[in-house]
Amino acid sequence: MSYTKEDILRIAEEENVRFIRLQFTDLLGTIKNVEIPVSQLPKALDNKMMFDGSSIEGYVRIEESDMYLVPDLETWVIFPWIREDRIARLICDVYMPDGTPFAGDPRNILKRVLKEAEEMGYTSMNVGPEPEFFLFKTDEKGNPTMELNDQGGYFDLAPTDLGENCRREIVLTLEEMGFEIEASHHEVAPGQHEIDFKYAKAIKAADQIQTFKLVVKTIARQHGLHATFMPKPLYGVSGSGMHCHQSLFKGKTNAFYDEKDELGLSQDARHYMAGILTHARAFAAVTNPTVNSYKRLVPGYEAPCYVAWSSSNRSPMIRIPASRGISTRVEVRNPDPAANPYLALAVMLKAGLDGIKKKLPLVQPVDRNIYVMSDEERVEEGIPSLPVDLKEALGELVRSEIISEALGDHALTHFYELKAIEWDMFRTQVHQWERDQYITLY
């Protein structure tokens, strides 16, 4: 919905809202907020709320700390799970004191790439995300355990699917907050779940992913459960992905559809896919941003590890869903829910736009199961692999002019530094697997 300042002030009074959370996202994708009493709401709506950015991951140094939160009025929502002393939320863009958008704000980074698309004639990017998550039981102190909530499988139902009631309440809560839920089901792995919501324009879709994560974790805790969007919490089962369906529009016309084409795909769609495939290894550090992300991207667990596309096969990185006309879209399958959604959409869009600008040719589809192909067959077919770990992904990222440009110097520098530290911490840690393997052998 569209709201004016007057609408928000009126609703806050009518609904007995006592506090407002001014939310934004740090470079790693973590939701942050400044909570203000409702008496300060007029000040916030006048874009006068200042905060200290020096303590936020990937923001600024202490001598440059003053920043402003500029609320997006369309993101106003009252949290439905709090009935007394109600709390509302506004998602904000981050601005510098001189009135310019902060270069390290992920939301502003996505807006900048969308502006580039608009200058090329594309009025909107539609995105349909599919974030998956696991539910684990908590202990008597409320801390997460490694005990799953159920042993269900794909599309199972109660009593096998013991997460059904929690998932249903998540759906009802999301609907109260304005989401249009399309489906909800148990996923392949025990304790794993998926809730699909309707596609939206890119900024709103990224906002919804962040809101979705908050709701899922909040409602799960009310059920004595811990929800995690960690890509691969358990060895030997499927990990959690966040497939991103995407398309570009010119007004009300889907620029990816061509009824005369054999597959119903326009040249724009083919060039866009070519750009995604060309830059896939470079943007993997953003769409798959953790050490753990690369434990998911291995053969045998429905996660793509090969840079290829198909209109029917689910083993490549890009799949073309069957719907055509206004619903024609490409499904990029490698992102995971640990990704910062604003940055992930920005780098995928930038890669696709580069394909369109340069009219990059699209390689032939791979309709075979890539998982059962030998290394020699993949080389012969010209099918590259995604990076095997975060270190390799970071190397690809900094070597890419296009993806570096998408992030901008500030975000690229800070993102790389934070992730290099993460990799080094992992590299130097002694893990339980090593003790199990070696402590008696040597």
Side-chain angles (χ1 to χ4, degrees), residues 113-114 116-117 120-122 124-130 199 202 205 241-250 253-284 286-288 297 303-336 339 344-370 378 381-387 396 400-403 405-406:
V113 183
L114 286 166
E116 182 181 338
M120 293 172 62
Y122 303 105
S124 64
M125 175 196 195
N126 281 354
V127 179
E130 298 176 347
Y199 68 87
M242 187 175 69
H243 303 167
C244 290
H245 298 250
Q246 48 201 278
S247 56
L248 297 178
F249 273 68
K250 293 182 175 181
T253 301
N254 187 342
F256 281 7
Y257 177 58
D258 182 355
E259 62 180 3
K260 297 175 183 177
D261 181 76
E262 180 184 3
L263 293 176
L265 298 174
S266 69
Q267 286 302 308
D268 280 1
R270 291 175 179 274
H271 294 319
Y272 186 93
M273 281 195 288
I276 294 281
L277 295 173
T278 297
H279 299 291
R281 287 177 54 81
F283 66 59
V286 179
T287 55
N288 306 89
L297 299 178
C305 26
Y306 305 113
V307 182
W309 76 281
S310 174
S311 60
S312 56
N313 184 358
R314 289 177 185 265
S315 62
M317 196 187 100
I318 295 180
R319 186 179 75 91
I320 309 300
S323 300
R324 290 295 181 267
I326 199 168
S327 298
T328 304
R329 60 196 187 275
V330 303
E331 177 189 5
V332 184
R333 298 169 57 80
N334 69 296
D336 67 52
L345 295 183
V347 295
M348 286 189 286
L349 175 58
K350 182 73 173 182
L353 293 178
D354 186 59
I356 293 173
K357 285 180 181 178
K358 295 175 180 173
K359 298 189 184 304
L360 295 178
L362 181 62
V363 296
Q364 290 298 308
V366 179
D367 295 327
R368 296 172 56 194
N369 184 352
I370 305 177
R378 287 196 297 274
E381 294 280 346
I383 302 172
S385 297
L386 286 166
E396 294 285 343
S400 169
E401 182 179 337
I402 295 298
I403 304 305
E405 185 181 297

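Numbers for residues simply follow the sequence, beginning at 1.
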Residue pair Leu263, Ile320: steps toward the side chain to side chain contact (heavy atoms under 4.5 Å, CB included) verdict: CA-CA 9 Å; Leu263 293 176; Ile320 309 300; over 6 Å; no

Stepwise side chain to side chain contact (heavy atoms under 4.5 Å, CB included) check, Leu362 with Trp309: CA-CA 9 Å; Leu362 181 62; Trp309 76 281; 3.5 Å; yes

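Checking side-chain atoms of Arg333 against main-chain N and O of Arg319 turns up no donor-acceptor pair under 3.5 Å. Looking at Ser266, its side chain does come within 3.5 Å of a backbone N or O of Ala255 through a donor-acceptor pair. His245 places no side-chain N or O within donor-acceptor distance of the main-chain N or O of Glu331, the cut-off being under 3.5 Å. The main-chain N or O of Ser323 is never found under 3.5 Å from a side-chain atom of Ser327 such that the two would form a donor-acceptor pair. Asn254 places a side-chain N or O within 3.5 Å of a backbone atom of Thr328 that can act as its donor or acceptor partner.
Taking the side chain as every heavy atom from C-beta outward, Leu114 and Met125 approach each other to under 4.5 Å. The closest side-chain heavy-atom distance from Glu396 to Ile403 is not below 4.5 Å. In this structure the side chain of Ser385 never reaches within 4.5 angstrom of the side chain of Cys305, judged on heavy atoms. Side chains of Arg378 and Tyr306 form a contact here, defined as non-hydrogen atoms less than 4.5 Å apart. A heavy-atom distance below 4.5 Å is found between the side chains of Ser247 and Asn126. With a 4.5 Å cut-off on side-chain heavy atoms, Lys250 and Asp268 count as touching.
Contact detail for Val307 and Ala280: the closest heavy-atom pair is CG1-CB, 4.0 Å. Between Pro316 and Pro304, the shortest heavy-atom distance links the atoms O-CB, 3.7 Å. When every heavy atom of Ala406 is checked against every heavy atom of Val113, the shortest pair comes out as O-CG2, 4.1 Å. The shortest heavy-atom contact between Ala308 and Ile370 is CB-CD1, 3.9 Å. Pairing each heavy atom of Lys358 with each of Ile402, the nearest pair is NZ-CD1, 4.3 Å. The two residues Leu265 and Arg270 have their closest heavy-atom pair at O-NE, 3.9 Å.
A centroid separation of less than 6.0 Å is found between the aromatic rings of Tyr272 and Phe256.
Looking at Asn334 and Thr287, their side chains do bring a donor and an acceptor atom within 3.5 Å of each other. Of the N and O atoms on the side chains of Tyr199 and Gln246, not one donor lies less than 3.5 Å from an acceptor on the other residue.
Rounded to the nearest 0.5 Å, atoms NE2 (His279) and OG (Ser400) are 6.0 Å apart. A distance of 9.0 Å separates CG of Asn288 from CE of Met242, quoted to the nearest 0.5 Å. Atoms OG1 and CG, from Thr253 and Leu248 in turn, are 12.5 Å apart once rounded to the nearest 0.5 Å. Once rounded to the nearest 0.5 Å, the distance linking SG of Cys244 with CD1 of Ile276 reads 9.5 Å. If you take CE on Met317 and CZ on Arg281, they are separated by 11.5 Å, rounding to the nearest 0.5 Å. Rounding to the nearest 0.5 Å places CG of Leu353 at 12.5 Å from CE of Met348.
Using a cut-off of 4.0 Å between Lys/Arg side-chain N and Asp/Glu carboxylate O, Arg324 and Glu259 are scored as not salt-bridged. A salt bridge is absent between Asp354 and Lys350; no separation between the charged side-chain nitrogens and carboxylate oxygens falls under 4.0 Å.
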